[in-house]
Amino acid sequence: MSDAPVLVVGAGPAGLGAALALAQAGVPVVLTEQRDAIGGAIHRQPASPQVPKVLRPARHARSFAMLAAGLAAAGGRIDLRTSTVFLGLDGADNALIDDRRRQRVEALSPAGIILATGAVEKVHPFPGWELPGVMTAGGAQVLLKETGRAPDGPVLVAGSGPLLLAVAAQLAAAGNPPVAVLERGRPWRRPTALAAMLASPANVAEGVGYAARLLRHGVPYVTGAAVTAVRTQGDDLDVMVRHGAAERTYRVRHLLVHDGLRAGASTGITETRDGPVPVLLAGDGREILGADAAVADGRRAAAEMLALLGRGAASAGDEQTLGAARRFQAALARLCEAPPPSPPPETLVCRCEGLRVADLDHLRPDASMRELRLVGRFGMGPCQGRFCGASVAALRPDADPSLKASAVPRWPVRPVSLASLAGFGDPAARTNPRIHQDTEDR
Amino acid sequence: MHSRSSPHVVVVGAGIVGAAAAFFLEAAGARVTLVEAEAPAAGATGASDGAVSVASKRPGPMMALALEARAFYRELAARGVLEGLFHPRSTFLLARGDEEASLLERHGADLAAAGERVVARSAVDLRRLLPGLGASVTAGIEVPDDGHAIGYEITARFLARSRPALRRATPVRALKLRGDRVAGVVTAQGEIAADRVIVAAGIGSAVLIGLGDVLVPRKGQMAVTDRAQPSGPAIGGHLMAATYLAAKRGISLDKPHIGLVIDPLVTGQFLIGGSREENRSDRRTDAATIAAILREALDFYPPLAGRRVIRTFAGIRTACRDGLPIVGPHPAVDGLVVATGFEGDGICLGPLMGACAARLALGEAPATDVSVLSPRRFAVREVAQ
Ligand SMILES: Cc1cc2nc3c(=O)[nH]c(=O)nc-3n(C[C@H](O)[C@H](O)[C@H](O)COP(=O)(O)OP(=O)(O)OC[C@H]3O[C@@H](n4cnc5c(N)ncnc54)[C@H](O)[C@@H]3O)c2cc1C
Ligand SMILES: Cc1cc2nc3c(=O)[nH]c(=O)nc-3n(C[C@H](O)[C@H](O)[C@H](O)COP(=O)(O)OP(=O)(O)OC[C@H]3O[C@@H](n4cnc5c(N)ncnc54)[C@H](O)[C@@H]3O)c2cc1C
């Protein structure tokens, strides 16, 4: 039994749940978080104490308070490193981390790794999604949580899934109720899915709360409506919407889009149990199960890791919570199920490389994923396909994914300062003062 | 365009060499099946830099071949086949200190003797031509007529312009022989009959052609940065350390050796490489080697400190023990042509060597004399069948 720590990546609910469970079992933990504060997507912390609180159910605040208290109580067992980005595992089985404050890339040799890096927001491309004024609903929510500022002017919220409701209600509470919420699906036509959700009363109550807030502000919730294109109109946007057979145009300042969450895309690293360093996934990054289940899933991953390392038994008794969350998410997915309109040729697909649907159409119809990437350059920019990979896969459903871009695990999973990386293992250990770059991961 | 009587040629391997061979075979009227273990450019071709460079070659046959191969790129670009994919640019060979400067002087003389244009550059000249160049660079030579091409783009273009029958995910396990003649290939998915076979399978050629252990894998690691500018090369040429030449001129070390190149891509990004790791055929990259490469790169060109690394990758060069590629008819099997062992030069040599292999497979003499590359220089061991 070694004393090597377990590396937990991501200090959202799942990572915190995992770190606390490991610490409780007496295992030292290094917890890295790329942001400068813990919390993850749901508990994003305000940038200053003056920032007004965002509307959210009390249970989320309680849950976060418990995790934060647990972290404080764990003291030295959990070595929390914020502003520290996990870059992946290299060919020498080093876990590489990028300490952006000290501008240093270091290697850890952990006993095991739990990746709790969260989900990536889905956005189905349509012409104009890349224009200024269009942003993801999640991105707008982050801004709201950190700065208290809602996007100004008339706002339209569109796409699919429950986050639309949450963000719209939060905007309303922050003083700028959206013009409308457009849901592509038709939830009212799926009574069995609606009924299945009642098994998770806390989530339903949360949804009802948001809906009530929207009702109070007179914000219409339109179902079966999809954005087909956006154009700039001076400082405004003209958003073309198809609703059944009807077309209509909304003139707004901001369009917030969101089509659900996607697991796994955040690092592209898969689970391995039999390698020299076992890697497990937890939380949204493994499976979209929601905030409450993310904590439980972190505990579950910790228990499995302890078992793999021979330091404990495998079960933590969270299966029930996870099962219920899974059923709820499945019902949600059925509720809002609606294929997006297929994007016309001029639609941008890969933002980093400026590639459109037409560029994809020019590639051989029998091309494998590898060729779409290498030859077509889809996913070759800084995001390395984290954002566009799924769109490409959806547009080319027959492309052989087994012939993907790389047979070996790739690093860095996030762009890293060349100067910081050059300092890795440098005998002269110089730090380079010339570095200037943002710390955002996009 | 081809008739029933036109020969059916199986080309094993859809790297740059196999794809070029397929293109020129089709152009000559043959029917072609290109059989690839994974996908086009899955080998070295898709994991390499793309210097189409005479500047970097060893004097002798390699320098002479590179001159012809680079001219062939220009010709194919002008003919439209490779239009837009060959990017002319200078190579700057850079010295740090007197010892390296004298190596460059010797190399410059060798290049000039082979007919290449060479311009000696003082440290002052270099700083004017390449603002930001590191203080440790003391001298250099500029080779103005070199160029760049991306291996997988060239491969894709050849395949798009010829459209041979392409069999992806079909590893060839053995050759099918009838007496002393090749009759086809054996794959996991069955046999494919052929009148002629070209083996252009990179390091995968070794087990098929039975020449013993003449081929050695030599791994190379590289890093790719984000864009320094929206498009166009960010500096006025390809930077190559004199120590890279030392490596090419036959200095071999046990520890990963770094021959530094900094390649400004047309996308505005930099490609920085590379290590030469003998007998390594895994495709993983490690932080220690990449960092060592980047430290060298920063020493040559400090403004790279402001860039971000977005990707690292490793490719496997197929090196031949005597330092020359293997191109020519197999010494023991009729109808079989071998084209492999291009080490770190196959993007430059690939189109020309593919064209030569195609001619040889059709029983014609290639336009370039490649007899020095013939596999007949090795004793035959056992051909996999
Ligand atoms: C944009 C968005 C908005 C959401 N809004 C709601 C909502 O309103 N209501 C609701 O119930 N649920 C919401 N969810 C879902 C809910 O947040 C998740 O179910 C829950 O937060 C998942 O927790 P997690 O720990 O798995 O991931 P996250 O909370 O996403 O935490 C992942 C953490 O990992 C960090 N990280 C990622 N990559 C790296 C790396 N390479 N190195 C270091 N750190 C890294 C991230 O910065 C983040 O802090 C939202 C999710 C998203 C993505
Ligand atoms: C890091 C690095 C940098 C480089 N930089 C340069 C440079 O700047 N300039 C330059 O000129 N060259 C460079 N090279 C060298 C160049 O990449 C190679 O020489 C060239 O790509 C070789 O092409 P090829 O077609 O012979 O082989 P490969 O590209 O390796 O193609 C062989 C193909 O055969 C397939 N295959 C293998 N076995 C079988 C089988 N049994 N059945 C079916 N298919 C099979 C493989 O999957 C592969 O697709 C570099 C190489 C590396 C690794």
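In this text the structure is predicted, and so the values were computed from the model without any measurement. Quick note on labels: first sequence line is chain A, next is B, and so on, each numbered from 1.
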- Message: Between A:Arg414 and B:Arg308, does the side chain to side chain contact (heavy atoms under 4.5 Å, CB included) criterion hold? Intermediate values first, please.
- Response: CA-CA 10 Å; A:Arg414 298 282 186 281; B:Arg308 295 189 298 170; over 6 Å; no
- Message: Report which part of B:Ile293 has an atom under 4.5 Å of a heavy atom belonging to chain A: side chain, backbone, both, or neither.
- Response: neither
- Query: What is the minimum heavy-atom distance between A:Leu421 and B:Ala291, and which atoms define it?
  - Reply: O-CB, 3.2 Å
- B:Ile290 side, atom CD1; A:Asp90 side, atom CG - distance, nearest 0.5 Å: 9.5 Å
- Message: If I take atom CG from residue B:Leu294 and atom CG from residue A:Asp426, how far apart are they, to the nearest 0.5 angstrom?
- Response: 11.0 Å
- Determine the minimum heavy-atom distance between B:Ala305 and A:Ala419, stating which atoms define it. O-CB, 3.8 Å
- Search all heavy atoms of B:Arg168 against all heavy atoms of A:Ala367 and return the closest pair with its distance. NH2-CA, 3.7 Å
- Measure B:Gln269 against the heavy atoms of chain A and call it side chain, backbone, both or neither at under 4.5 Å. side chain
- Task: Search all heavy atoms of A:Glu371 against all heavy atoms of B:Ala39 and return the closest pair with its distance.
- Result: OE2-CB, 4.0 Å
- Query: Quick check: does any side chain N or O of A:Arg364 sit under 3.5 Å from a backbone N or O of B:Ala156, one acting as donor and the other as acceptor?
  - Reply: no
- Message: Using modelled atom types and a 3.5 Å cut-off, is there a donor and acceptor pairing between side-chain atoms of A:Arg410 and backbone atoms of B:Arg311?
- Response: no
- Would you mind listing every salt bridge (charged side-chain N to carboxylate O under 4.0 Å, His left out) that reaches into residues 149-162 of chain B, with sequence neighbours excluded? none
- Determine, step by step, whether A:Met380 and B:Thr267 satisfy the side chain to side chain contact (heavy atoms under 4.5 Å, CB included) criterion, reporting the C-alpha distance in whole Å, the side-chain angles of both residues, the deciding distance to 0.1 Å, and the verdict. CA-CA 11 Å; A:Met380 289 285 272; B:Thr267 54; over 6 Å; no
- Might you work through the side chain to side chain contact (heavy atoms under 4.5 Å, CB included) test for B:Thr155 and A:Val375, ending with a clear yes or no? CA-CA 9 Å; B:Thr155 304; A:Val375 180; over 6 Å; no
- In Å and rounded to the nearest 0.5 Å, what is the CG to CG distance from A:Leu418 to B:Leu298? 5.5 Å
- Item | Minimum heavy-atom distance between A:Arg370 and B:Ala41, given as atom pair plus value | NH2-O, 2.8 Å
- Minimum heavy-atom distance between A:Ala92 and B:Asp286, given as atom pair plus value: N-CB, 4.1 Å
- Sidechain-backbone polar pair: B:Thr285 side chain, A:Trp411 backbone, donor-acceptor under 3.5 Å: no
- Structural part of A:Leu96 lying under 4.5 Å from a heavy atom of chain B: side chain
- Query: Counting distance only, does the side-chain N/O of B:Arg295 pair as donor-acceptor with the main-chain N or O of A:Phe424 below 3.5 Å?
  - Reply: yes
- Message: What part of B:Ala42 gets within 4.5 angstrom of chain A, counting heavy atoms only: side chain, backbone, both, or neither?
- Response: both
- Item | Enclosure of B:Glu83 CD (heavy-atom neighbours >12, cutoff 6.0 Å) | no
